[in-house]
Amino acid sequence: MGEFELINHYFAAAQCAQGGEGVALGIGDDCALLDLPPGEQLAVSTDTLVAGVHFPRVCDPGLLGQRSLAVAASDLAAMGATPIAFTLALTLPEVGEAWLRAFADGLDRMARRCRLGLIGGDTTRGPLSITVTVFGRVPAGQALRRSGARPGDLLCVGGELGNAAGALPLVLGEREAPNALAQPLLDHYWSPSPQFALGQLLRGRATAALDISDGLLADCGHIAKASGVALEVNLHQVPVSAALQGFVGPQAALQAAVAGGDDYVLAFTLPPGQLSSLQAQTPVHVIGRVLEGQGVSLRDRQGQDITPLQRGYQHFRETP
Ligand code: ADP
Ligand code: MG
């Protein structure tokens, strides 16, 4: 099967590639064309997943397809954007038809769930890697940035943390667990749910926001730096799931929740006066506060500073 047959058969024919709101021209020409309503800005983000780095070399291609799109789409949620479309740049070592069928189906499932149309891409040969670029729209000037947190704001998250990090030994086949514990954790890893509705509710309310991908403390560090403030996280307020606690125990669950990555849950800062109206519409967990100063500190129930030295995952970390 040649490049064009492959594109047509697996991608151009997918349900998610048949156009949709905002898509004026999809796959097949030199560029796709998007329509943007007056007064809105285009939000754009790219993520690359490399085999052996971001996912195991041997894994279920359907799950990989849905995860590849979800992790990229989560950036739209974090900006408060409404999803429009995405492109897929796929590098493949060989054309395995069963693999491609399952990958394209998983991708299509997540695309329809996220209301993202597939509008183009690139297909090349080489070691397996997947690059997804997502496009969304947001009313001009209302995107949620990392830079607006102010002392006195609350620090909040939109859901339980640590599930995907807790799932890693299961994903890698290093450990097993009863299905009742394993399944919810594996679902979090393979099928993150970008928090679009929450992101859109936060427009005009939150002062800063992002999606947690590198770990809570590391990502809070990005808000602290961009906003020129300090963030304080209360460990006992960080929400963790029953499945994670059951699998690794309560202490390790909190460790995974603050330092593990791949959550794709929103973290945001909120003036206290905004909390009750937001909580009336969606679950919000207050986990700390914004102070004058810099950096991120972690506190125990007694208010003792228990900030760990190592935070989050970085690809190009300086040697210690
Ligand atoms: P060009 O040579 O002009 O860059 P290509 O031959 O790479 O175009 O691709 C032909 C069409 O197929 C383009 O519209 C491109 O966006 C689309 N396309 C290529 N690969 C993919 C893919 N993996 N998924 C979706 N669309 C793709
Ligand atoms: Mg090309």
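Whatever order the structure lists ligands and atoms in, that order sets their numbers, starting from 1.
Ligand 1 places these atoms under 4.0 Å from at least one heavy atom of Asp30: 3 (O). For ligand 1 and Glu3, the ligand atoms under 4.0 Å from any heavy atom of the residue are 6 (O), 7 (O). For ligand 1, the atoms closer than 4.0 angstrom to any heavy atom of Phe4 are 6 (O). Using a 4.0 Å cut-off to heavy atoms of Asp122, the atoms of ligand 1 that qualify are 7 (O), 19 (C), 20 (N), 21 (C), 23 (N). Residue Phe11 approaches ligand 1 through these ligand atoms, each under 4.0 Å from one of its heavy atoms: 23 (N), 24 (N), 25 (C).
Contacts with ligand 1 closer than 4.0 Å are made by no heavy atom of Thr87, backbone or side chain. Contact annotation: for Leu88 versus ligand 1, heavy atoms closer than 4.0 Å belong to both the backbone and the side chain.
The main-chain N or O of Ile119 is never found under 3.5 Å from a side-chain atom of Thr87 such that the two would form a donor-acceptor pair. Remark: side-chain polar atoms of Glu5 are paired, donor with acceptor, to backbone N or O of Gly2 under 3.5 angstrom. Looking only at distances, a side-chain donor or acceptor of Asp219 sits under 3.5 Å from a matching main-chain atom of Asp214.
Among residues at least two apart or in separate chains, side-chain hydrogen bond (donor to acceptor under 3.5 Å, both in side chains) pairs with a member in residues 158-170 are Asn163-His188, Asn163-Ser241.
Salt bridge Asp105/Arg101: present, at least one basic N to carboxylate O contact under 4.0 Å.
Considering each of Ala104, Ala89, Cys31, Gly28, the one bringing a non-hydrogen atom nearest atom 14 (O) of ligand 1 is Gly28.
Within a 6.0 Å radius of CD in Gln18, other residues, nucleotides and ligands contribute more than 12 heavy atoms. For Arg115, the CZ atom sits in a loose shell: 12 or fewer heavy atoms of surrounding residues, nucleotides or ligands are nearer than 6.0 Å.
Not a single N or O atom of Leu118, backbone or side chain, sits closer than 3.5 Å to an N or O atom of ligand 1.
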